[in-house]
Number of protein chains: 2
Amino acid sequence: MIEPLLLKLAARDRVLEEERQVLASSAGRVREVGGREDLVRPGDRPTESCLIVEGVAARYRLFETGRRQITEFHLAGDFVDLHSFLLKVMDHGVVTLSRCRVVYVPHERLRDITERHPHLTRLLWLSTLIDGAIHREWLAGAGRRNAASQMAHLICELFTRLEVVHLTRGTAFRFPVTQAELGDALGLSTVHTNRTLQELRAEGLITWRGDEIKIEDLDRLRAVAEFDPAYLHIYREPR
Amino acid sequence: MIEPLLLKLAARDRVLEEERQVLASSAGRVREVGGREDLVRPGDRPTESCLIVEGVAARYRLFETGRRQITEFHLAGDFVDLHSFLLKVMDHGVVTLSRCRVVYVPHERLRDITERHPHLTRLLWLSTLIDGAIHREWLAGAGRRNAASQMAHLICELFTRLEVVHLTRGTAFRFPVTQAELGDALGLSTVHTNRTLQELRAEGLITWRGDEIKIEDLDRLRAVAEFDPAYLHIYREPR
DNA sequence: CGAGGTCTTGAAGACGATCAACAAACGTGG
DNA sequence: CCACGTTTGTTGATCGTCTTCAAGACCTCG
């Protein structure tokens, strides 16, 4: 059940068999969630953290005017609200974008891990640091990239992250979001999101039909995006 | 030396005397750094983490074109590159904006803390989670707020964070950055940064002379910013 | 087959960028 | 303590990117 998480962690450091057991035995109830359902809402005080096994979700912040900014996309293996274990009160929400299978890990079990498994604790901490690095990268994009470059960057990021959990086929992958949701992530209007997508398609960089994104020219897409995967910290090293 | 850090942590949870000792004894060399000097550069592999005791610094990401995006301002008490302890290779830089006094904590000492002081580990982890929350809030602003609202939000945030470390006088505080740097943080051009500042001044919301920001109407500034301090998680609670 | 959601297109307008020039403040050396 | 050079702040004009509004095409699913 927690294999995708193990793949993610193992891409950054060795994970001992004992640690795998600890994680596996920490997993509590499993739930199948439909698309567009809240996993956690702003203001919630969860007593368990939610791990995505399958599907796509988004972390978002809502404004009074109804505008929404998605601050991160979450994929299989992402411990989406590990944060709530220490932050206690959610300052943002997490919503599923597609049907998802999620596992809940009670906060008590996470606490046990911090008390008894320092190395595993560091790995979980690391995974939240990588979320932070992703936020920084998006922030840099929002402030200093144009729409096409930002979109290209997002596609490169998704591809790289999905590779880690073995969810790519060649340079193609499934990514079930609407253009409106994509716009909420890039800080663009739906109309401009659509036009930007067309631009990338016209350039022969990608195709995007239904749920399926195919990168047609990875090198040029990376160049347009100024994509450097360093911020994802995908290298095995003692942590 | 590490009092500002203790103030920050103590605003979120009780910090035991023993834990204070551990932190204090982890502090290594102290350094006085001038303004506009790099504390860490992208690509660095630090063996110690840097804590700001006094002054202002900025976390930034550089683009090939020379553009820069500041992703967070760092104040007294901020453990600016605690991240490097687990990320290992820096994916961004940290530069001082004013003269700073900084303390270095060797990674070995941080590792010891994770091995022997679970609660203190959780507090340090928490402080990096709050950095992440700040990133999300900025990202939401960059995507969905206009320039004036973003600027107002930043001022509210700085005020709130500086209160925690006792660096405000009434609604005024020192914040030594140029408008160009401010623009790099908000994702605006220098010219537009200037005009936006004038707008806030003309509205009677703030005055900003030299290094000194004074909030003239906190309620209205908060309203313009849609500022809700929840994301800073300033409440004492067992973590 | 119809209805709601999603995608696409056009036109007008706003917000912020860029370019250029000048004023004010600051710091440094004489 | 003043003179001068450099950095920072300010203003005006023009241009481009992205938003907003509106409407129509397409698609999917009951």
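All values derive from a computational prediction rather than experimental measurement. Values below: all heavy atoms of this structure, side chains included; hydrogens, waters and symmetry mates excluded.
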*Report the residue from A:E137, A:E157, A:H135 that forms a side-chain hydrogen bond (donor to acceptor under 3.5 Å, both in side chains) with A:Y231.*
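Option passing the side-chain hydrogen bond (donor to acceptor under 3.5 Å, both in side chains) with A:Y231: A:E157.
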_Rounded distance in Å - CE (B:M151) to P (C:dC15)_ =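 So the two atoms are 16 Å apart, to the nearest Å.
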*Could you check how far CZ of A:R145 sits from P of C:dA17, rounded to whole Å?*
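Computing the A:R145:CZ to C:dA17:P distance gives 17 Å.
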*Could you tell me the separation between the CG atom of B:N194 and the CG atom of B:L188, rounded to the nearest 0.5 Å?*
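Interatomic distance, B:N194 CG to B:L188 CG, rounded to 0.5 Å: 11.5 Å.
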*Would you say a side-chain N or O of A:R36 is under 4.0 Å from OP1 or OP2 of C:dT6?*
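Yes, A:R36 has a side-chain N/O under 4.0 Å of OP1/OP2 on C:dT6.
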Across the strands shown, which category fits [X] at heavy-atom distances under 4.0 angstrom: base, sugar-phosphate, nothing?
| X | result |
| --- | --- |
| B:G183 | nothing |
| B:S189 | base |
| A:R209 | nothing |

So which protein nitrogen or oxygen atoms get under 3.5 Å of nucleotides 21-29 of chain C's nitrogens or oxygens?
none

*Could you tell me from which nucleotide to which nucleotide of DNA chain D, 5' to 3', there is an atom under 4.0 Å from chain B heavy atoms?*
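With heavy atoms of chain B under 4.0 Å away, the range is D:dT8 to D:dA13.
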*Contacting residues from residues 192-204 of chain B, given that a heavy atom lies under 4.0 angstrom of DNA chain C*: B:H192, B:R195
*Does NZ or CZ of A:R144 lie under 6.0 Å from the centre of the six-membered ring of B:F63, at an angle within 45° of the ring axis?*
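A:R144 over B:F63 ring: no.
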*Should the pair B:R222 and B:F227 be classed as cation-pi, given the thresholds of under 6.0 Å to the six-membered ring centre and 45° from the axis?*
no
_Proximal nucleotide (of C:dT8, C:dG16, C:dA17) relative to the B:R67 side chain_ =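 For B:R67, the side-chain atoms sit closest to C:dA17.
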*Look at B:K214 together with B:E216 and state whether they make a salt bridge at an N to O cut-off of under 4.0 Å.*
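Yes.
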*Do the charged groups of B:R61 and B:D91 touch, with an N to O distance under 4.0 Å?*
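Salt bridge flag = no for B:D91 with B:R61.
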Verify, without hydrogens or angle tests, whether [X] (side chain) and [Y] (backbone) share a donor-acceptor contact under 3.5 angstrom.
| X | Y | result |
| --- | --- | --- |
| B:S98 | B:G35 | no |
| B:R12 | B:K8 | yes |
| A:T96 | A:E37 | yes |

_Working for side-chain contact (heavy atoms from CB on, under 4.5 Å), residues B:F73 and B:D78_ = CA-CA 9 Å; B:F73 285 121; B:D78 286 357; over 6 Å; no
*For this output row, return yes or no: ring centroids of B:Y235 and B:H233 closer than 6.0 angstrom.*
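Ring centres of B:H233 and B:Y235 closer than 6.0 Å.
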